[in-house]
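Naming: A, B, ... by sequence-line order, numbering from 1 per chain. Computed from heavy atoms alone, side chains included, the values below leave out hydrogens, waters and symmetry copies.
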There are 2 protein chains.
Amino acid sequence: MDDSEFEHLLRGADLRVTRPRLAVLRAVRRQPHADTGSVLAAVRTEEPTVSHQAVYDVLGALTDSGLVRRIQPAGSVARYELRVGDNHHHVVCRSCGVVADVDCAVGVRPCLDASDTHGFVIDEAEVTYWGLCPACTVPAPPTKGSP
Amino acid sequence: MDDSEFEHLLRGADLRVTRPRLAVLRAVRRQPHADTGSVLAAVRTEEPTVSHQAVYDVLGALTDSGLVRRIQPAGSVARYELRVGDNHHHVVCRSCGVVADVDCAVGVRPCLDASDTHGFVIDEAEVTYWGLCPACTVPAPPTKGSP
DNA sequence: CCCCTTTCTTGAACCAGTCAAGTTTCTTTG
DNA sequence: CAAAGAAACTTGACTGGTTCAAGAAAGGGG
């Protein structure tokens with residue numbers, strides 16, 4: 001996915017191609033699951049004058065158009081990723097909050113058959129796995145430990 | 001689950017039995033999926049002097065002890081419920097944000113076998129269904145409609 | 001190349017949630 | 001039953017992510 005690809009995606013979504021938007025897309029590609037602050041910082045390394053509001057607007061527009069996906073695990077700020085439409089899920093570390101992708105074991109549309117949906121019309125089943133990442137699983141940190 | 005039951009639960013969790021805590025438990029029982037603000041309002045109908053900080057503290061303590069469950073769908077504030085330990089999930093209305101319980105169709109611990117967990121030690125799989133509630137599914141609102 | 005619309009900048013405001021210090025109230029023990 | 005220690009609560013200020021609003025800038029069709 002290079003920049004011309006991003007251009008096509010934007011035009012396909014009836015969005016103008018702007019420097020801030022390309023920078024945001026590049027930032028999210030570089031750093032999947034980045035939160036808004038990280039995206040802003042990353043964007044400013046290449047476009048120092050972009051306002052924080054622009055990043056919020058861009059991320060909102062891209063999310064609405066389905067070009068990026070917004071994830072928001074409980075207790076975390078909003079995070080963004082480029083992988084869309086492939087029905088994957090996320091593992092979140094309870095300790096450090098890091099997020100990783102998980103392809104669904106059940107296949108496409110997992111668990112989408114809820115027993116009693118109370119009349120809701122369901123269009124998506126989102127699965128979030130909670131646990132500890134490899135780094136936080138380590139019993140005692142090597143140096144800097146707590147004796 | 002009456003008040004003496006709540007007392008037992010609190011003592012069993014090594015928590016003191018206080019009026020604010022009982023009031024919070026009653027509020028959450030009365031209004032499952034209530035957010036903190038609603039809980040505060042409900043609590044104050046019986047205990048008008050309880051501070052908002054107390055409600056935050058109580059909900060935090062009860063959550064830590066596993067007496068209540070905190071749920072936080074993306075874009076929503078924290079909500080609380082008494083049903084714990086029965087592995088049920090939630091449907092969230094994209095339009096109005098209302099939450100309903102859904103018993104898992106797969107059985108206990110649904111989808112807990114992720115394909116590649118990247119070394120994470122997973123202890124919970126949380127499933128959130130997204131869609132429209134019966135009220136928001138109605139094509140055109142009776143009165144007050146869009147011409 | 002011009003104009004119109006979308007997008008971006010600036011700057012202020014909002015609100016759920018948190019922090020800190022001091023007071024109250026549980027519960028255990030003498 | 002009373003006292004003491006610890007947990008819990010009140011008060012009040014504050015934070016930080018997100019949103020609102022008004023005006024300036026810059027895409028892109030014609």
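Each salt bridge (charged side-chain N to carboxylate O under 4.0 Å, His left out) pair with one or both residues in residues 80-94 of chain B, not counting sequence neighbours, appears once here: A:Asp123-B:Arg94, A:Glu124-B:Arg94, B:Arg69-B:Glu81, B:Arg83-B:Asp86, B:Arg83-B:Asp101, B:Arg83-B:Asp103.
On the nucleic acid side, DNA chain C contacts chain B at distances under 4.0 Å to non-hydrogen atoms, with the end points of that region at C:dA16 to C:dT27. Where DNA chain D meets chain A (any atom under 4.0 Å from a heavy atom), the bounding nucleotides read 5' to 3' are D:dG17 to D:dG28.
Considering only heavy atoms from C-beta on, A:Leu25 stays 4.5 Å or farther from A:Tyr80 through its side chain. Within the 4.5 Å cutoff, the side chain of A:Leu22 has heavy atoms near those of the A:Leu10 side chain.
Residue B:Val99 is found in a hydrophobic cluster whose other members, listed by chain and number, are B:Ile71, B:Val92, B:Trp130; membership requires side-chain heavy atoms under 4.5 Å apart, directly or through intermediates. Its side chain outside the 4.5 Å cluster rule for every partner, B:Val84 clusters with none of the Ile, Leu, Val, Met, Phe, Trp and Tyr residues. Under the 4.5 angstrom side-chain criterion for Ile, Leu, Val, Met, Phe, Trp and Tyr, B:Tyr56 has no cluster partners at all.
Nucleic acid contact for B:Arg11: sugar-phosphate only, since backbone atoms but no base atoms lie under 4.0 Å from a heavy atom of the residue.
The residue among A:Ala78 and A:Arg16 whose nearest nucleotide of DNA chain D lies closer to the 5′ end is A:Ala78. Remark on DNA chain C: of its neighbouring residues B:Arg19 and A:Leu15, the 5'-side contact belongs to A:Leu15, judged by nearest-heavy-atom nucleotide.
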Donor-acceptor pairs are to be reported for all side-chain atoms of residues 35-42 of chain B against protein atoms at under 3.5 Å, with residues two or more places apart or in another chain.
unit_1	atom_1	unit_2	atom_2	d
B:Asp35	OD1	B:Gly37	N	3.0
B:Asp35	OD1	B:Ser38	N	2.8
B:Asp35	OD1	B:Ser38	OG	3.0

Sequence neighbours left out, cut at 3.5 Å: what donor-acceptor pairs do the side chains of residues 58-67 of chain A make with other protein atoms?
unit_1	atom_1	unit_2	atom_2	d
A:Thr63	OG1	A:Leu59	O	2.6
A:Ser65	OG	A:Ala61	O	2.8

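A:His90 pairs by the ring-ring contact (aromatic ring centres under 6.0 Å, His included) definition with A:His33, A:His88, not counting sequence neighbours. Not counting sequence neighbours, A:His8 has no partner by the side-chain contact (heavy atoms from CB on, under 4.5 Å) test.
No salt bridge links B:Arg16 with B:Glu7; every basic N to acidic carboxylate O contact stays at or beyond 4.0 Å. Using a 4.0 Å cut-off between a side-chain N of Lys or Arg and a carboxylate O of Asp or Glu, B:Arg29 and B:Glu5 do not qualify as a salt bridge.
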Side chain to side chain contact (heavy atoms under 4.5 Å, CB included) between A:Ser95 and A:Cys133: does it pass, once the steps are laid out? CA-CA 8 Å; A:Ser95 174; A:Cys133 72; over 6 Å; no
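In the helix from C:dC1-D:dG30 to C:dG30-D:dC1, the rotation axis of the first five pairs and that of the last five pairs differ in direction by 40°, rounded to 10 degrees.
Taking a 4.0 Å limit (strictly below) on heavy-atom distances, residues 44-69 of chain B reaches DNA chain C at B:His52, B:Gln53, B:Tyr56.
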